[in-house]
Amino acid sequence: MVTEYSPIRKTNQTIYRTAIYLRLSRDDGDKFESDSISNQRKLITDYIENKSEFCLVDEYVDDGYSGSNFERPAWKQLYEDLECGAVNCIIVKDLSRFGRNYIEVGRYLQMIFPVLGVRLVAINDNFDTLNEWQNGDALTVPMKNLINDIYCKDISKKVSTQLAAMRVRGECVSSCIPYGYKRNPKDHLKLIVDENVAGNVKQIFIWKLEGYSDKAIADKLNEQGVLSPYEYQTAMGNYVSGNLKHLDKAQWARGSVYNILHNEYYKGTMVQGKRKRLDCHSKEKVLLPKEEWIRVEDTHEAIVEPELYDMVQEIMEKETRVAGNRTTVALLSGFLFCGDCGRQLILQPSYYKGKKYNYYTCKDCRDESRKTKRVSEKKAYAAILEAIRKTAEIAVRMETLIDVADSLPGQSREAIRLDGQLVQLQEEMERYARIKNGLYEDYKVGILSREEYMDYSQMYKAKIDKTKETMRNVADERKRAIANFEEAKWIKTFKKYRNITSLERPILAELLEQVLVYPGGKMEIVFKDTNFIEATLEAYGYNEIIEEVVIYDSRIRKVR
C-alpha cells in the first residue's frame, strides 16, 4: 500500500491510485438489478479497463448500508486510505452510490476532496472532479445531489410507513429477537418459542414472584451455568453486537433480568415502534411515549401465562428492597400500607431483651399517643392467613349455591329481573312507534293540523329515543350481572387455599390487594376479588352472608 502522498497533476502522465466504491441498500430504494453490487463492479471495471491513468488499488463494498449518512464501515476504511494518500481517486457507478445526503456529499466534493487532492468519478452522471468546471457541473452536480437527498427522504418515509403497517399487523420487523424466541423458519416475520431457553424465562418470573431480587436471580442463573442471552446467541451462531459484552464471558446481570421481567413479548404481546429516528440522515433514535408504542396481542405463543406476567408486574410496583444479606424481599413487603396517609409500611426490626421482633412501620404517621404507627409481622401474618382460610371456606359454600342458581333460566335472579324489564321496555317502545305512525294518518284526514302533527311527532320521537337509551342501559346492566358471576373465578381461586397452613409470596400476589394498618394495630385486609365476591352474592340473592364473606374488607370491619 502506498503511504506517500502525491498531488494530482492534470496531465496525461498522471497515474491515479484508484479505489472502486460499491454500495447497495434496500432501505433507500436500491431495488433495481442494475444497482446490485455485481453490476456496479462490472460497470466500473469495464470503464477503467482501457484507461491507463487508473491504477486499481482496492475495492470497498458497503452492502446493506444506507446512503443517507457516511457511517459505513467500508467508507470509513476508504477515507482513512484517502487521508494517508494510499488512494487518491474514487470511481463510483453514480453519485447516489457515493451518498444521498445533499449537505454531506457537497462538503466532500467542495471542501474535503480538494484539500486531500482526491479525484471522484461518477460514471453514469458523467461527472469527474478533474474537469467539473470545464463541463459546467458547478450547478448540475449540486442539483443532482439535492435530488438524491430528496429521493432518500421520500424513500425513508415510505419505508417507515410500510414498517409501521407491518407492526400493526403483528409482524416482527425488529432485528433484535427477545431471548426465548426465534424466527419461524416458514415465516420470518413471525416468532416461535425457542424451547432450549424458554424454561429459563419462565423460571425468572417464578423466582421474581417468590420475592427474589433481580441481582439474586442473575446470580442464581450464573451459579447454575446458564448461558447469558449474549453467550447463547453467540453459541447459536447468531450475530450480536460486541457492545453487550464487557468481560471475557458475558454474564447474567441485573439489567438482563430486569429487561426480561418487563418485556410484554413473553405474555404473547408484540411491542414495537418504541423508538423513532430523528431523520433519514441520522442514526440517533429517541424513545417515544408508551402510549405511542405499537402493541398487538396474541401474535405468538406466550412463554409466561398472562396471569403470571401481570402478577409479577404488580409485585414489582410494590416494595422491592432487599434488607441486609437477604436474597429475597420480606414476605409481606409491599402489601402493608398506612390506613391514614396511604404510605407503604417499611419492615424494621426491634430488639427487646436480646430477642428480635419485626414490625412494619409508617415513618410519616403517629398514633394518638405520638407513637410510630406500626404492626408486628407476626400479627399481620396471622390475620392474613385467617382471612384467606375464612374466604376459602365461603368459596366452597358459594360453589354449591351457584350450582343451584345456574339451573335457573337466564343464569341468575338478577338477569331474570333485567330480562323482564327489557320485555316491558320493548313493548313500550313499540306502542310509541304505533302512535307516532298513526299521527300521519290523522294529519292526512284533517284530524290534526300541521303544527299539531309536528309537535306530537317530535314528542313521541323523543319518547322512543329515551326508551331506546333506557333499554341500552338495562342491557348493559344485564351484561354486568351475568359477568359478575362469570367472574366468580374467585371461588376457584380461593377454594385452592381451603386448608392453607402457611403463607408464601406467590399466594399473596395472587389474592391480596393490600392491608391497611390503623392506630392500635387495627387492620383492613382487602382482596383483589372483594368486589366480585359481593357482586356474585348479590346477583344470586344471598345477601345474608355478604358480611361474612367480606368481614375482612375495609368497608365492613376491622380485624384486631
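What you see is a predicted model; the values in this text were computed from it and never measured.
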From Val92, Leu43, Val61, residue fulfilling side chain to side chain contact (heavy atoms under 4.5 Å, CB included) relative to Leu22: Val61

Short N-O contact, Arg389 and Glu386, less than 4.0 angstrom: no

Pairwise side-chain contact, Leu120 with Leu109, heavy-atom cut-off 4.5 Å (strictly under): yes

Pair Tyr232, Asp194: side-chain N/O donor-acceptor within cut-off below 3.5 Å: yes

Arg275/Glu292 salt bridge by N-O under 4.0 Å criterion: no

Name of the residue among Lys208, Lys220, Arg254 meeting salt bridge (Lys or Arg N to Asp or Glu O under 4.0 Å) with Asp214: Lys208

Asp81 and Tyr60: side chain donor to acceptor below 3.5 Å: yes

Nearest-0.5 Å distance that lies between atom OH in Tyr21 and atom CZ in Arg72: 4.0 Å

Short side-chain donor-acceptor distance under 3.5 Å, Tyr518 and Glu524: yes

Lys190 atom NZ, neighbour heavy-atom count above 12 within 6.0 Å: yes

Atom pair OH/OH of Tyr266 and Tyr181 - distance to nearest 0.5 Å: 7.5 Å

Identified side chain to side chain contact (heavy atoms under 4.5 Å, CB included) counterpart of Leu332 within the set Ile384, Leu512, Val515: Ile384

Pairs meeting criterion side-chain hydrogen bond (donor to acceptor under 3.5 Å, both in side chains) with involvement of residues 304-315, two or more places apart: Lys202-Glu305, Glu314-Lys528

